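Single-structure report; data block below.
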Amino acid sequence: MCGIVGYIGNREAFPIIINGLKRLEYRGYDSAGAALYNGNLIIKKTKGKVKDLEALFTDPKDKEGTIGIGHTRWATHGEPNDVNAHPHVSNSGNLVIVHNGIIENYDSIRQMLTSRGYTFQSDTDTEVLINLIEDVMKKENVKLGKAVQIALNEVVGAYAIVVFDKNNPDEIVLARLGSPLAVGIGKGEYFIASDASPFIEFTKDALYLEDEQMAIIKKYKEPEIRNIKDDEIIAPYIQELQISLDQIEKGGYDHFMLKEIYEQPNVLKDTMRGRVLPQKNIIKLSGIDNNLNKFLNADRIIMVGAGTSWHAGLVGEYLFEELARIPVEVEYSSEFRYRNPIIKENDIVMPISQSGETADTLAAIKLSKEKGAFIYGICNVVGSSIPRESHSGTYTHAGPEIGVASTKAFTTQVNVLTMMALKLAKEKGTISAPEFNQYLTELENIPQKINRVLENDLYIQQIAHHYKDAANFLYLGRGFNFPVALEGALKLKEISYIHAEGYPAAEMKHGPIALIDENMPVVVIATKKGQYEKVVSNIQEIKSRKGKIIAIVTEGDEQVKKLADHVIEIPETLEPLTPLLATIPLQLLSYYIAIYRGCNVDQPRNLAKSVTVE
Ligand code: AGP
């Protein structure tokens, strides 16, 4: 989605804006632009990358000025080109805006403004918005802040906007509804961005605008925060961020995705830190503790998510039903929000989301709240929209996930779901105390077992090289490993652009087996637990049709070794914990195949890190 950076203070704005936009590139974009004020309003924008934008600032004078805004655009209205790139300026040339989101009623507003003599250079809803703000300023004879407030009460849609008036360059105005905005607070200076990564090196003190809030920011003054609707003054809630710049940098790896794959052992320790306590034989999750009766009396849990988060929900279904005997349904947010689902007050709706900004999942929450359900969010980004819209929840503590393809987001989500299912199973007595303790002890072993899986890296690179030109892949798994098969297939297709499908292994006979021939690599998760023998017979069916088999097996397995073309061994663990290990080789396999195919692993084509619009 779009990325926004703004600055007002006492430093040169240019490097802060440009480097800030580079930190937001992971969000996916097709064009970039910036506006600075140095006594004149300097606006430069272009289709392409931030480096192309930087190259447009040839005159050193254009880089001067201590107020500026920047933008990376993910096209929604109007094709990706220079004219449609942000920032956009009003007809008078005085007001300039950057915007993330969609103004749904922009067409009718554009017609109204056109009838009042306004003209438009671009096809964007954003240019309409900045001229609506200008029109209000003139009609109502009010300053920028008030004009923004009045204008936003006339628009329908989602937005995060940052605006300034060249005739009043000591003030910057921002507002949000549905798209995130963070404000970094320095000494007499303010940084504004879609997330904290552009300003974390300057300050860890930040506030997040809530939905339907706006802020008028002047250097050396407290930010003035208001409700857009009723103009109520809001006290700023300033938090100290726990992310540091090195967490965001690649840390020596070639790509963010590889860094994040290798971070998983440590990140899972963070996810379990202070929560999994084998010595006390307890799992501490304040969200559950504070709402225990809701969970113990819930008729069912409805997990909603998209993509990888939906796959984590599928693992959650096996965990909650197997361990805690609580009925679970797993829904795509995009389907759930529109199919008029039956939601009861005794249901717990559990949105799962890395970014906390997925529009469909937010909409599913809104629908569920209207029907009285209790919302328990599982999210990674602290302070993002989904946790703020939820009644309670658990953060995954995965740290920033920059690579578009989710990796540590998935394993930490599964880890949280595992902890929740175990905690509730203990409370309900559906597992014994000794069994519970066995799980806690094994959970503590998982990070070092993941390190052992990562030792297969070189061998997985060789397998990847062997299959890099395949046109299709099948991924098969049973039980807890069925969602892992889906996740492995998604990883491959989204970064290598090879078509891949995940299936329950038993589904082979119902169609997919027709695809098997010597050109079809089949990844089979055949770990020792669960329906191992049945998976082995599936492997035999594939082999007899000349399919190429890449098997994920438990260390020491000799039976599958005789059948498969390639075998990747992972340590033994308790069956419900297998997804935390079996996923890792599939992440590496997709990463290396994509590298060999010369794909942009961190920013795959057509994809965005966070789908904040429908
Ligand atoms: C998975 O690798 C993709 N990044 C995508 O499917 C993602 O999982 C999906 O868009 C949901 O995002 P969220 O977890 O931020 O809500």
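For ligands, and for the atoms within them, numbers begin at 1 and follow the listed sequence. The shown structure was predicted, so the numbers you read here are calculated from the model rather than taken from an experiment.
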One thing to verify: whether Asp270 and Arg273 come together as a salt bridge, which I'm taking to mean a side-chain N less than 4.0 angstrom from a carboxylate O.
yes
Side-chain donor-acceptor pair under 3.5 Å between Thr361 and Ser333, yes or no?
yes
Looking only at distance, does Ser353 have an N or O less than 3.5 Å from an N or O of ligand 1?
yes
For Glu260, does its backbone N or O pair with a side-chain atom of Lys408 as donor and acceptor, under 3.5 Å?
no
Just heavy atoms, cut-off under 4.0 Å: does Thr358 contact ligand 1 by side chain, backbone, both, or neither?
side chain
Identify, for atom 10 (O) of ligand 1, the protein heavy atom at the shortest distance, and state residue, atom and that distance.
Val611 CG2, 4.1 Å
So does Lys609 pair up with Glu401, basic N to acidic O under 4.0 Å?
yes
As an exercise, identify every atom of ligand 1 less than 4.0 angstrom from a heavy atom of Val404.
2 (O), 3 (C), 4 (N)
Salt-bridge present (Glu329, Arg300; N to O < 4.0 Å):
yes
Quick one: nearest non-hydrogen protein atom to atom 7 (C) of ligand 1, plus distance?
Thr308 N, 4.1 Å
Sidechain N-carboxylate O distance under 4.0 Å for Asp254, Lys259
no
Sub-4.0 Å atoms of ligand 1 with respect to non-hydrogen atoms of Lys491:
1 (C), 2 (O)
Contact atoms of ligand 1, heavy-atom distance to Ser309 under 4.0 Å:
8 (O), 13 (P), 14 (O)
Indicate yes or no: does an N/O atom of Gln413 lie under 3.5 Å from an N/O atom of ligand 1?
no
Among protein heavy atoms, which sits nearest to atom 6 (O) of ligand 1, and what does the distance come to when rounded to 0.1 Å?
Gly307 CA, 3.3 Å
Looking only at distances, please establish whether an N/O atom of ligand 1 is found under 3.5 Å from an N/O atom of Ala405.
no
Under 4.0 Å between a side-chain nitrogen and a carboxylate oxygen: does that hold for Glu501 and Lys493?
no
Does ligand 1 have a heavy atom under 4.0 Å from the side chain of Glu494, from its backbone, from both, or from neither?
side chain
Closest protein heavy atom (residue, atom, distance) for atom 11 (C) of ligand 1:
Ala306 O, 3.4 Å
Sorted by chain and number, sequence neighbours left out, salt bridge (charged side-chain N to carboxylate O under 4.0 Å, His left out) with Arg605 holds for none
